[in-house]
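Structure, as C-alpha coordinates:
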Amino acid sequence: MEPLRAPTGTHDLMPGDSARWVALLGVFAALAEKSGFGLIHTPLFEDVRLFRRGVGTETEVVGKEMYEFTDRGGRAMALRPEGTASVVRAFIQHHPIPPFRAWYATPTFRYERPQAGRYRQHHQVGVEVLGIADADVDVEVLALANDYLQGLGLSGYTLRLNSLGDAACRPQYVASLREYLTANQGSLCEEHKGKISANPLRILDCKDERCRSVSVGAPTMSEALCEQCAEHFARVKAGLDAQNISYFLDAKLVRGLDYYTRTTFEVTLDLGEGELTILGGGRYDGLVEVLGGVPTPGIGFGSGIERVLLACDRQDVFAIQPTVPMVYIVDTTDGAHARDLVASLRKEGLIAERAYGNRSMKSQFKTADRSGARFALVIGDREAADGTITIRDLRGGGEQVVVARDALLTSLLELAAKN
RNA sequence: GUGGGUAUAGCUCAGCUGGUUAGAGCGCCUGGUUGUGGUCCAGGAGGUCGCGGGUUCGAACCCCGUUACUCACCCCA
(Lines give C-alpha, C1' and ligand atoms only; values in the text may rest on other atoms or scores of the structure.)
Protein backbone atom coordinates (compact mmCIF):
# COMPACT_ATOMS: atom_id res chain seq x y z
CA MET A 1 0.00 0.00 0.00
CA GLU A 2 1.14 3.51 -0.75
CA PRO A 3 2.12 5.28 2.42
CA LEU A 4 -0.60 7.63 3.56
CA ARG A 5 0.27 11.28 3.47
CA ALA A 6 -1.44 14.62 3.82
CA PRO A 7 -3.51 15.43 0.70
CA THR A 8 -2.00 17.54 -2.07
CA GLY A 9 -1.75 21.16 -1.15
CA THR A 10 -2.20 20.56 2.57
CA HIS A 11 0.40 20.36 5.28
CA ASP A 12 0.76 19.29 8.85
CA LEU A 13 1.64 21.89 11.40
CA MET A 14 3.86 20.08 13.86
CA PRO A 15 4.66 20.90 17.48
CA GLY A 16 7.68 23.16 17.46
CA ASP A 17 6.67 24.88 14.26
CA SER A 18 3.30 25.55 15.79
CA ALA A 19 4.81 27.78 18.46
CA ARG A 20 4.76 30.79 16.18
CA TRP A 21 1.18 30.05 15.18
CA VAL A 22 0.18 30.18 18.79
CA ALA A 23 2.06 33.46 19.11
CA LEU A 24 0.60 34.89 15.90
CA LEU A 25 -2.92 34.07 16.98
CA GLY A 26 -2.13 35.70 20.30
CA VAL A 27 -1.03 38.90 18.61
CA PHE A 28 -4.07 39.01 16.38
CA ALA A 29 -6.56 38.07 19.08
CA ALA A 30 -5.19 40.67 21.46
CA LEU A 31 -5.45 43.44 18.86
CA ALA A 32 -8.91 42.40 17.74
CA GLU A 33 -10.29 42.05 21.26
CA LYS A 34 -8.86 45.42 22.17
CA SER A 35 -10.73 46.93 19.24
CA GLY A 36 -14.05 45.45 20.26
CA PHE A 37 -14.08 42.33 18.15
CA GLY A 38 -15.22 38.98 19.53
CA LEU A 39 -14.26 35.56 18.24
CA ILE A 40 -16.69 33.91 15.86
CA HIS A 41 -16.67 30.26 14.86
CA THR A 42 -18.89 29.16 12.02
CA PRO A 43 -19.06 25.75 10.34
CA LEU A 44 -16.31 24.85 7.91
CA PHE A 45 -18.94 23.73 5.44
CA GLU A 46 -22.06 25.52 4.39
CA ASP A 47 -24.87 25.23 1.90
CA VAL A 48 -23.12 25.72 -1.41
CA ARG A 49 -25.59 28.45 -2.33
CA LEU A 50 -24.14 30.72 0.34
CA PHE A 51 -20.88 31.02 -1.58
CA ARG A 52 -22.48 30.98 -5.01
CA ARG A 53 -24.71 33.90 -4.14
CA GLY A 54 -22.36 35.68 -1.79
CA VAL A 55 -18.99 35.41 -3.47
CA GLY A 56 -20.31 35.14 -7.01
CA THR A 57 -20.59 32.32 -9.54
CA GLU A 58 -18.38 34.17 -11.97
CA THR A 59 -15.40 34.28 -9.64
CA GLU A 60 -12.57 31.79 -9.94
CA VAL A 61 -12.80 31.03 -6.26
CA VAL A 62 -16.35 29.76 -6.55
CA GLY A 63 -16.50 28.82 -10.22
CA LYS A 64 -13.52 26.51 -10.38
CA GLU A 65 -11.78 26.24 -7.03
CA MET A 66 -14.47 25.38 -4.53
CA TYR A 67 -14.52 22.07 -2.67
CA GLU A 68 -18.08 20.91 -3.17
CA PHE A 69 -19.70 17.72 -2.01
CA THR A 70 -23.07 16.15 -1.45
CA ASP A 71 -23.69 15.01 2.10
CA ARG A 72 -25.46 11.79 3.03
CA GLY A 73 -28.76 13.60 3.09
CA GLY A 74 -28.31 14.73 -0.49
CA ARG A 75 -27.59 18.36 0.37
CA ALA A 76 -25.13 20.31 -1.76
CA MET A 77 -22.41 21.60 0.53
CA ALA A 78 -19.09 23.37 0.11
CA LEU A 79 -16.02 23.85 2.24
CA ARG A 80 -15.47 27.51 3.00
CA PRO A 81 -13.34 29.16 0.31
CA GLU A 82 -13.08 32.46 2.22
CA GLY A 83 -14.14 33.88 5.55
CA THR A 84 -16.68 36.61 4.98
CA ALA A 85 -19.73 34.83 3.60
CA SER A 86 -20.13 32.58 6.63
CA VAL A 87 -19.87 35.46 9.07
CA VAL A 88 -22.50 37.38 7.16
CA ARG A 89 -24.73 34.33 7.10
CA ALA A 90 -24.40 33.97 10.87
CA PHE A 91 -25.15 37.66 11.27
CA ILE A 92 -28.34 37.33 9.28
CA GLN A 93 -29.35 34.14 11.08
CA HIS A 94 -28.86 35.39 14.64
CA HIS A 95 -29.84 39.05 14.36
CA PRO A 96 -27.24 40.45 16.72
CA ILE A 97 -27.75 44.11 17.50
CA PRO A 98 -25.52 46.07 15.16
CA PRO A 99 -22.82 47.14 15.07
CA PHE A 100 -21.44 43.66 14.99
CA ARG A 101 -17.72 43.07 15.17
CA ALA A 102 -16.24 39.59 14.87
CA TRP A 103 -12.76 38.18 14.35
CA TYR A 104 -11.92 34.72 13.17
CA ALA A 105 -9.09 32.32 12.58
CA THR A 106 -10.07 29.57 10.21
CA PRO A 107 -8.95 27.15 7.55
CA THR A 108 -10.12 27.99 4.05
CA PHE A 109 -10.19 25.65 1.09
CA ARG A 110 -9.52 26.21 -2.58
CA TYR A 111 -8.89 23.52 -5.11
CA GLU A 112 -5.90 24.86 -7.00
CA ARG A 113 -2.37 23.84 -7.87
CA PRO A 114 -0.13 24.44 -4.90
CA GLN A 115 2.99 26.58 -5.09
CA ALA A 116 4.95 28.88 -2.84
CA GLY A 117 2.57 30.46 -0.33
CA ARG A 118 -0.39 28.75 -1.91
CA TYR A 119 -2.27 25.79 -0.53
CA ARG A 120 -5.51 23.90 -0.96
CA GLN A 121 -6.07 24.35 2.71
CA HIS A 122 -4.69 27.56 4.06
CA HIS A 123 -5.53 29.53 7.15
CA GLN A 124 -6.73 33.04 7.59
CA VAL A 125 -7.22 35.43 10.41
CA GLY A 126 -9.65 38.21 9.75
CA VAL A 127 -12.28 40.60 11.03
CA GLU A 128 -15.70 41.76 9.89
CA VAL A 129 -17.73 44.78 10.95
CA LEU A 130 -21.42 44.85 10.07
CA GLY A 131 -23.79 47.72 10.48
CA ILE A 132 -21.51 50.72 10.19
CA ALA A 133 -21.42 52.68 6.96
CA ASP A 134 -19.21 55.44 8.39
CA ALA A 135 -15.90 55.73 6.57
CA ASP A 136 -14.16 56.01 9.92
CA VAL A 137 -14.70 52.33 10.50
CA ASP A 138 -12.84 51.65 7.27
CA VAL A 139 -9.92 53.47 8.81
CA GLU A 140 -10.24 51.45 12.01
CA VAL A 141 -10.19 48.21 10.11
CA LEU A 142 -7.20 49.28 8.05
CA ALA A 143 -5.40 50.44 11.17
CA LEU A 144 -6.02 47.06 12.77
CA ALA A 145 -4.58 45.33 9.73
CA ASN A 146 -1.56 47.59 9.87
CA ASP A 147 -1.05 47.09 13.61
CA TYR A 148 -1.24 43.36 13.13
CA LEU A 149 1.45 43.24 10.46
CA GLN A 150 3.60 45.68 12.37
CA GLY A 151 3.06 43.74 15.55
CA LEU A 152 4.65 40.73 13.93
CA GLY A 153 7.63 42.83 12.98
CA LEU A 154 6.92 43.05 9.26
CA SER A 155 7.89 46.13 7.32
CA GLY A 156 8.18 47.34 3.77
CA TYR A 157 4.77 46.11 2.73
CA THR A 158 2.45 48.15 0.55
CA LEU A 159 -1.15 48.92 1.33
CA ARG A 160 -2.91 49.21 -2.00
CA LEU A 161 -6.14 51.12 -1.85
CA ASN A 162 -8.97 51.70 -4.24
CA SER A 163 -12.66 52.44 -4.30
CA LEU A 164 -14.93 50.31 -6.43
CA GLY A 165 -17.95 52.59 -6.09
CA ASP A 166 -21.39 51.39 -5.22
CA ALA A 167 -24.71 50.48 -6.79
CA ALA A 168 -25.19 54.10 -7.80
CA CYS A 169 -22.02 54.64 -9.77
CA ARG A 170 -20.41 51.28 -10.52
CA PRO A 171 -22.87 50.11 -13.18
CA GLN A 172 -22.25 53.27 -15.19
CA TYR A 173 -18.54 52.88 -14.82
CA VAL A 174 -18.63 49.24 -15.87
CA ALA A 175 -20.66 50.24 -18.91
CA SER A 176 -18.12 52.84 -19.96
CA LEU A 177 -15.26 50.45 -19.30
CA ARG A 178 -16.96 47.79 -21.38
CA GLU A 179 -17.39 50.30 -24.16
CA TYR A 180 -13.72 51.23 -24.03
CA LEU A 181 -12.56 47.61 -23.96
CA THR A 182 -14.82 46.63 -26.80
CA ALA A 183 -13.30 49.39 -28.89
CA ASN A 184 -9.85 47.98 -28.11
CA GLN A 185 -10.88 44.37 -28.14
CA GLY A 186 -8.35 43.34 -30.74
CA SER A 187 -5.44 44.46 -28.56
CA LEU A 188 -6.37 42.35 -25.54
CA CYS A 189 -4.76 39.03 -24.65
CA GLU A 190 -6.26 35.85 -26.08
CA GLU A 191 -8.09 34.90 -22.93
CA HIS A 192 -9.80 38.24 -22.46
CA LYS A 193 -10.83 38.92 -26.02
CA GLY A 194 -14.03 37.01 -25.40
CA LYS A 195 -14.45 37.77 -21.72
CA ILE A 196 -15.36 41.42 -21.76
CA SER A 197 -19.03 41.08 -21.02
CA ALA A 198 -18.60 38.61 -18.17
CA ASN A 199 -16.43 40.75 -15.96
CA PRO A 200 -14.65 43.70 -17.53
CA LEU A 201 -13.12 44.83 -14.22
CA ARG A 202 -11.01 41.72 -14.09
CA ILE A 203 -9.19 42.74 -17.24
CA LEU A 204 -7.69 45.71 -15.41
CA ASP A 205 -5.95 43.18 -13.18
CA CYS A 206 -4.60 41.10 -16.07
CA LYS A 207 -0.84 40.84 -16.13
CA ASP A 208 -0.53 40.23 -19.84
CA GLU A 209 1.37 43.03 -21.56
CA ARG A 210 -1.34 43.51 -24.17
CA CYS A 211 -4.08 43.91 -21.58
CA ARG A 212 -1.90 46.17 -19.51
CA SER A 213 -1.24 48.57 -22.31
CA VAL A 214 -4.94 48.72 -23.05
CA SER A 215 -5.63 49.27 -19.34
CA VAL A 216 -3.38 52.31 -19.21
CA GLY A 217 -5.83 54.35 -21.22
CA ALA A 218 -8.95 52.89 -19.68
CA PRO A 219 -11.36 55.02 -17.70
CA THR A 220 -10.79 54.63 -13.96
CA MET A 221 -13.29 54.06 -11.22
CA SER A 222 -11.94 56.92 -9.18
CA GLU A 223 -12.98 59.40 -11.89
CA ALA A 224 -16.40 57.83 -12.05
CA LEU A 225 -17.25 57.73 -8.35
CA CYS A 226 -20.54 59.31 -7.41
CA GLU A 227 -20.54 62.12 -4.92
CA GLN A 228 -21.21 59.93 -1.88
CA CYS A 229 -18.59 57.39 -2.84
CA ALA A 230 -16.05 60.10 -3.52
CA GLU A 231 -16.75 61.67 -0.14
CA HIS A 232 -16.49 58.32 1.58
CA PHE A 233 -13.19 57.58 -0.08
CA ALA A 234 -11.82 61.02 0.75
CA ARG A 235 -12.70 60.51 4.39
CA VAL A 236 -10.93 57.14 4.43
CA LYS A 237 -7.80 58.65 2.95
CA ALA A 238 -7.92 61.54 5.38
CA GLY A 239 -8.19 59.11 8.27
CA LEU A 240 -5.21 57.11 7.07
CA ASP A 241 -3.20 60.28 6.59
CA ALA A 242 -4.08 61.41 10.10
CA GLN A 243 -2.75 58.16 11.50
CA ASN A 244 0.33 58.15 9.31
CA ILE A 245 -0.64 54.93 7.63
CA SER A 246 0.87 55.09 4.20
CA TYR A 247 -0.96 53.68 1.22
CA PHE A 248 -0.71 53.49 -2.51
CA LEU A 249 -3.72 54.42 -4.62
CA ASP A 250 -4.15 51.64 -7.12
CA ALA A 251 -6.91 52.42 -9.58
CA LYS A 252 -6.42 48.99 -11.13
CA LEU A 253 -6.99 47.12 -7.88
CA VAL A 254 -9.85 44.76 -8.49
CA ARG A 255 -10.55 41.95 -6.13
CA GLY A 256 -11.55 38.46 -7.09
CA LEU A 257 -14.72 38.32 -5.07
CA ASP A 258 -17.84 39.95 -6.42
CA TYR A 259 -19.21 41.41 -3.22
CA TYR A 260 -16.83 44.31 -2.78
CA THR A 261 -18.01 47.92 -2.92
CA ARG A 262 -16.32 51.21 -2.18
CA THR A 263 -13.17 50.84 -0.11
CA THR A 264 -11.09 47.92 -1.33
CA PHE A 265 -7.56 47.08 -0.34
CA GLU A 266 -4.74 44.61 -0.49
CA VAL A 267 -1.44 44.42 1.32
CA THR A 268 1.40 43.15 -0.81
CA LEU A 269 5.02 42.48 -0.11
CA ASP A 270 7.88 42.32 -2.55
CA LEU A 271 9.84 39.14 -1.92
CA GLY A 272 12.42 39.70 -4.60
CA GLU A 273 10.77 37.56 -7.25
CA GLY A 274 7.20 38.71 -7.55
CA GLU A 275 4.80 40.14 -5.05
CA LEU A 276 2.94 38.24 -2.42
CA THR A 277 -0.51 39.31 -1.25
CA ILE A 278 -0.64 38.78 2.49
CA LEU A 279 -3.88 40.52 3.33
CA GLY A 280 -6.95 41.62 1.43
CA GLY A 281 -10.39 42.98 2.05
CA GLY A 282 -12.80 45.80 1.66
CA ARG A 283 -16.29 47.03 2.05
CA TYR A 284 -19.27 44.91 0.98
CA ASP A 285 -22.33 47.06 1.54
CA GLY A 286 -24.60 44.96 -0.64
CA LEU A 287 -23.72 41.51 0.62
CA VAL A 288 -26.12 41.17 3.54
CA GLU A 289 -29.02 42.01 1.28
CA VAL A 290 -27.85 39.63 -1.42
CA LEU A 291 -27.83 36.86 1.17
CA GLY A 292 -31.35 37.64 2.28
CA GLY A 293 -30.84 40.00 5.22
CA VAL A 294 -31.98 43.53 5.73
CA PRO A 295 -29.61 45.89 3.90
CA THR A 296 -26.59 46.33 6.18
CA PRO A 297 -23.19 47.76 5.33
CA GLY A 298 -20.11 45.70 6.07
CA ILE A 299 -16.34 45.73 5.85
CA GLY A 300 -13.58 43.31 6.70
CA PHE A 301 -10.34 41.67 5.73
CA GLY A 302 -8.68 38.32 5.70
CA SER A 303 -5.00 37.56 5.94
CA GLY A 304 -3.29 34.30 5.10
CA ILE A 305 -1.32 32.96 8.03
CA GLU A 306 1.05 30.83 5.95
CA ARG A 307 1.88 33.74 3.69
CA VAL A 308 2.37 36.13 6.54
CA LEU A 309 4.75 33.70 8.21
CA LEU A 310 6.52 33.18 4.91
CA ALA A 311 7.01 36.93 4.75
CA CYS A 312 8.25 36.91 8.34
CA ASP A 313 10.80 34.26 7.40
CA ARG A 314 12.10 36.35 4.53
CA GLN A 315 12.40 39.39 6.75
CA ASP A 316 13.88 37.43 9.64
CA VAL A 317 11.24 38.58 12.07
CA PHE A 318 8.82 36.87 14.43
CA ALA A 319 11.12 33.94 15.11
CA ILE A 320 9.31 32.41 18.05
CA GLN A 321 11.08 29.78 20.09
CA PRO A 322 9.04 26.82 21.29
CA THR A 323 8.38 26.66 25.00
CA VAL A 324 11.19 25.06 26.91
CA PRO A 325 10.94 23.33 30.28
CA MET A 326 12.20 25.01 33.42
CA VAL A 327 13.22 21.73 34.96
CA TYR A 328 13.88 18.23 33.72
CA ILE A 329 13.72 15.41 36.19
CA VAL A 330 16.31 12.67 36.07
CA ASP A 331 15.34 9.71 38.23
CA THR A 332 17.55 6.63 38.30
CA THR A 333 15.66 4.87 41.06
CA ASP A 334 12.43 3.52 39.62
CA GLY A 335 10.69 6.59 38.26
CA ALA A 336 8.18 6.94 41.07
CA HIS A 337 9.91 10.07 42.33
CA ALA A 338 9.86 11.57 38.87
CA ARG A 339 6.21 10.68 38.50
CA ASP A 340 5.22 12.44 41.70
CA LEU A 341 7.62 15.35 41.42
CA VAL A 342 6.65 16.28 37.87
CA ALA A 343 3.00 16.37 38.94
CA SER A 344 3.59 18.54 41.98
CA LEU A 345 5.90 20.96 40.16
CA ARG A 346 3.37 21.41 37.38
CA LYS A 347 0.75 22.21 39.97
CA GLU A 348 3.14 24.83 41.31
CA GLY A 349 3.16 26.35 37.84
CA LEU A 350 6.59 25.24 36.66
CA ILE A 351 7.09 23.80 33.22
CA ALA A 352 8.43 20.41 34.16
CA GLU A 353 9.49 17.46 32.03
CA ARG A 354 11.02 14.11 32.91
CA ALA A 355 12.76 11.07 31.51
CA TYR A 356 10.92 7.81 31.14
CA GLY A 357 11.90 4.18 30.96
CA ASN A 358 14.44 4.02 33.75
CA ARG A 359 17.39 4.62 31.49
CA SER A 360 20.94 5.32 32.52
CA MET A 361 21.87 8.58 34.17
CA LYS A 362 23.88 9.49 31.11
CA SER A 363 21.08 8.98 28.65
CA GLN A 364 18.59 10.74 30.88
CA PHE A 365 20.92 13.70 30.95
CA LYS A 366 21.09 13.65 27.19
CA THR A 367 17.35 13.97 26.92
CA ALA A 368 17.43 16.62 29.61
CA ASP A 369 19.91 18.60 27.55
CA ARG A 370 17.95 18.13 24.38
CA SER A 371 14.76 19.35 26.02
CA GLY A 372 16.37 22.74 26.50
CA ALA A 373 15.52 22.71 30.19
CA ARG A 374 17.18 25.21 32.44
CA PHE A 375 17.79 22.81 35.34
CA ALA A 376 18.08 19.09 35.78
CA LEU A 377 16.65 17.71 39.00
CA VAL A 378 18.46 14.54 39.92
CA ILE A 379 17.02 11.82 42.08
CA GLY A 380 19.35 8.87 42.44
CA ASP A 381 19.87 6.39 45.28
CA ARG A 382 21.53 8.99 47.51
CA GLU A 383 18.77 11.56 47.12
CA ALA A 384 16.09 8.94 47.52
CA ALA A 385 17.74 7.75 50.71
CA ASP A 386 18.06 11.12 52.41
CA GLY A 387 15.08 12.94 50.95
CA THR A 388 17.05 15.46 48.89
CA ILE A 389 17.23 16.55 45.29
CA THR A 390 20.28 17.59 43.30
CA ILE A 391 19.76 20.63 41.15
CA ARG A 392 22.12 20.95 38.22
CA ASP A 393 22.30 24.10 36.13
CA LEU A 394 22.31 22.96 32.52
CA ARG A 395 23.22 26.29 31.05
CA GLY A 396 26.39 27.30 32.79
CA GLY A 397 29.29 25.06 33.66
CA GLY A 398 27.06 22.58 35.41
CA GLU A 399 27.00 23.87 38.98
CA GLN A 400 25.16 21.59 41.35
CA VAL A 401 23.53 22.00 44.70
CA VAL A 402 21.85 19.42 46.88
CA VAL A 403 18.72 20.68 48.57
CA ALA A 404 16.12 19.24 50.85
CA ARG A 405 12.95 18.29 49.09
CA ASP A 406 10.92 20.96 50.93
CA ALA A 407 13.35 23.63 49.85
CA LEU A 408 13.28 22.69 46.18
CA LEU A 409 10.95 25.37 44.95
CA THR A 410 12.56 28.26 46.77
CA SER A 411 16.02 27.08 45.75
CA LEU A 412 14.97 26.86 42.13
CA LEU A 413 13.53 30.34 42.15
CA GLU A 414 16.68 31.69 43.78
CA LEU A 415 18.93 30.02 41.24
CA ALA A 416 16.75 31.14 38.34
CA ALA A 417 16.82 34.71 39.56
CA LYS A 418 20.61 34.79 39.48
CA ASN A 419 20.75 35.39 35.76
C1' G B 1 -6.27 23.12 -16.27
C1' U B 2 -0.97 24.16 -18.91
C1' G B 3 4.41 23.98 -18.55
C1' G B 4 9.51 23.20 -16.07
C1' G B 5 12.40 20.74 -12.17
C1' U B 6 12.95 16.86 -8.51
C1' A B 7 12.16 11.86 -6.16
C1' U B 8 18.46 7.51 -2.73
C1' A B 9 18.59 6.50 5.54
C1' G B 10 14.54 10.37 10.30
C1' C B 11 16.90 15.25 7.88
C1' U B 12 20.36 17.55 4.04
C1' C B 13 22.56 15.32 0.07
C1' A B 14 26.76 12.35 -2.85
C1' G B 15 26.71 8.14 -6.10
C1' C B 16 32.01 8.92 -12.17
C1' U B 17 30.49 6.69 -19.26
C1' G B 18 24.89 0.94 -16.07
C1' G B 19 29.25 -3.52 -12.87
C1' U B 20 28.82 -7.21 -8.01
C1' U B 21 27.95 -6.37 0.10
C1' A B 22 24.36 1.55 -1.84
C1' G B 23 27.67 6.12 0.80
C1' A B 24 28.64 10.90 3.75
C1' G B 25 27.32 14.64 7.26
C1' C B 26 23.74 15.63 10.88
C1' G B 27 20.26 13.12 14.02
C1' C B 28 19.20 8.52 16.86
C1' C B 29 20.92 4.20 20.16
C1' U B 30 25.03 1.94 23.06
C1' G B 31 29.74 2.22 25.26
C1' G B 32 34.36 4.95 26.82
C1' U B 33 32.91 7.33 32.79
C1' U B 34 28.16 0.85 36.82
C1' G B 35 25.75 9.14 39.54
C1' U B 36 25.89 13.53 35.11
C1' G B 37 24.23 16.48 29.47
C1' G B 38 26.14 20.15 26.01
C1' U B 39 32.86 18.79 23.57
C1' C B 40 35.75 14.36 22.15
C1' C B 41 36.52 8.99 20.81
C1' A B 42 34.62 4.02 19.46
C1' G B 43 30.74 0.93 17.98
C1' G B 44 25.64 0.15 16.33
C1' A B 45 20.67 0.46 14.33
C1' G B 46 18.24 2.40 10.09
C1' G B 47 17.30 2.16 2.86
C1' U B 48 12.68 -3.43 -1.50
C1' C B 49 17.34 3.94 -4.30
C1' G B 50 8.75 6.95 -5.10
C1' C B 51 5.79 3.02 -7.69
C1' G B 52 4.93 -0.21 -12.22
C1' G B 53 6.83 -2.05 -16.65
C1' G B 54 10.84 -2.42 -20.39
C1' U B 55 16.12 -2.78 -22.38
C1' U B 56 20.52 -5.57 -20.55
C1' C B 57 24.60 -11.01 -18.52
C1' G B 58 23.85 -6.99 -14.94
C1' A B 59 19.79 -0.90 -13.57
C1' A B 60 19.82 3.91 -8.10
C1' C B 61 21.91 5.16 -13.09
C1' C B 62 19.13 4.10 -19.76
C1' C B 63 13.71 4.02 -21.96
C1' C B 64 8.21 4.24 -21.23
C1' G B 65 4.28 4.95 -17.92
C1' U B 66 2.47 6.51 -13.23
C1' U B 67 2.17 8.97 -8.49
C1' A B 68 3.95 12.53 -5.26
C1' C B 69 6.66 16.84 -4.17
C1' U B 70 8.25 21.54 -5.98
C1' C B 71 8.35 26.05 -9.00
C1' A B 72 5.88 29.09 -12.61
C1' C B 73 1.29 30.66 -15.45
C1' C B 74 -3.98 31.59 -14.17
C1' C B 75 -6.16 33.33 -9.80
C1' C B 76 -5.69 34.56 -4.89
C1' A B 77 -4.54 34.77 1.41
Side-chain angles (χ1 to χ4, degrees), chain A residues 1-11 14 55 58-66 80-84 105-126 145 149 189-192 195 199 202 205-208 211 253-257 265-269 273-281 300-311 328 330-333 355 357 359-385 390-400 402:
Chain A
M1 192 173 102
E2 285 275 303
L4 295 169
R5 36 166 40 257
T8 296
T10 68
H11 59 280
M14 302 293 279
V55 180
E58 291 301 315
T59 62
E60 297 254 328
V61 167
V62 167
K64 45 188 279 201
E65 294 177 354
M66 199 153 62
R80 150 188 317 162
E82 56 91 52
T84 302
T106 179
T108 56
F109 304 86
R110 293 179 197 174
Y111 191 89
E112 47 189 349
R113 291 290 293 269
Q115 64 192 65
R118 206 245 214 104
Y119 304 97
R120 288 188 176 174
Q121 176 179 337
H122 76 276
H123 300 79
Q124 292 188 14
V125 293
L149 299 175
C189 75
E190 298 308 319
E191 189 194 338
H192 284 128
K195 224 181 178 179
N199 196 339
R202 203 66 52 72
D205 201 33
C206 182
K207 277 145 197 127
D208 188 280
C211 281
L253 176 66
V254 177
R255 306 208 18 91
L257 314 178
F265 53 90
E266 243 176 46
V267 175
T268 59
L269 196 58
E273 352 68 66
E275 293 205 314
L276 189 70
T277 301
I278 56 176
L279 186 148
F301 70 77
S303 174
I305 294 176
E306 288 86 352
R307 285 190 180 181
V308 163
L309 289 178
L310 179 65
Y328 193 98
V330 169
D331 178 351
T332 56
T333 61
R359 308 209 298 158
S360 71
M361 176 98 35
K362 181 185 176 111
S363 70
Q364 292 195 38
F365 260 97
K366 281 196 176 185
T367 55
D369 182 56
R370 212 179 301 147
S371 76
R374 175 70 203 279
F375 299 106
L377 302 184
V378 184
I379 303 172
D381 293 333
R382 288 204 296 269
E383 289 85 352
T390 297
I391 305 173
R392 182 180 175 89
D393 189 333
L394 291 174
R395 283 208 204 141
E399 299 79 17
Q400 294 193 177
V402 180

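Below, read A as the first sequence line, B as the second, and so on, with proteins coming before strands; counting in each chain starts at 1.
Taking 3.5 Å as the limit, the base of G1(B) and the side chain of E60(A) contain no donor-acceptor pair of atoms between them. Not a single donor-acceptor contact under 3.5 angstrom links the side-chain atoms of R113(A) to the base of C75(B).
Across the C1' atoms, G25(B) and U21(B) are found 22 Å apart, a figure rounded to whole Å. A14(B) sits 16 Å from A24(B) when the P atoms are compared, rounded to a whole Å.
We find that CZ of F301(A) is positioned 12 Å from C1' of A77(B), with the value rounded to whole Å. Following rounding to the nearest Å, L4(A) (CG) and A68(B) (C1') show an atom-to-atom distance of 13 Å. Y111(A) has its OH atom 19 Å from the P atom of C75(B), to the nearest Å. Rounded to whole Å, the distance from NZ on K362(A) to P on G35(B) is 13 Å. If you measure from atom CD of E112(A) to atom C1' of C71(B), you get 15 Å, rounded to the nearest angstrom. Distance, K366(A) NZ to G35(B) C1': 16 Å, rounded to whole Å. Q364(A) has its CD atom 12 Å from the P atom of U36(B), to the nearest Å.
Using modelled atom types and a 3.5 Å distance limit, the side chains of Y328(A) and T367(A) yield a donor-acceptor pair. A side-chain donor from one of E383(A) and T390(A) sits under 3.5 Å from a side-chain acceptor of the other. Side-chain contact, T106(A) with R80(A): a donor N or O sits under 3.5 Å from an acceptor N or O.
A sub-4.0 Å separation between OP1 or OP2 of G35(B) and a side-chain N or O of S360(A) is absent. Dashed line: the shortest gap from a side-chain N or O of R5(A) to OP1 or OP2 of U67(B) is not under 4.0 Å. Contact annotation: Q115(A) side-chain N/O to U70(B) OP1/OP2 distance is not under 4.0 Å. Phosphate proximity of G35(B) to R392(A): absent, as no side-chain N or O sits under 4.0 Å from OP1 or OP2. Neither OP1 nor OP2 of A77(B) sits under 4.0 Å from any side-chain N or O of R120(A).
When distances are taken from the side chain of V61(A) to each of C76(B), C73(B), U36(B), the shortest belongs to C76(B). In the set C75(B), C28(B), U30(B), the nucleotide with an atom closest to the side chain of R370(A) is C28(B).
For the pair I379(A)/V330(A), no side-chain contact is recorded, criterion being any heavy-atom separation below 4.5 Å from C-beta on.
A salt bridge between E399(A) and R392(A) is absent, with no side-chain N of the basic residue lying under 4.0 Å from a carboxylate O of the acidic one.
Contact annotation for T108(A): no contact, since no heavy-atom pair falls under 4.0 Å across all strands. Contact annotation for L394(A): base contact, defined as any heavy-atom pair under 4.0 Å involving a base atom.
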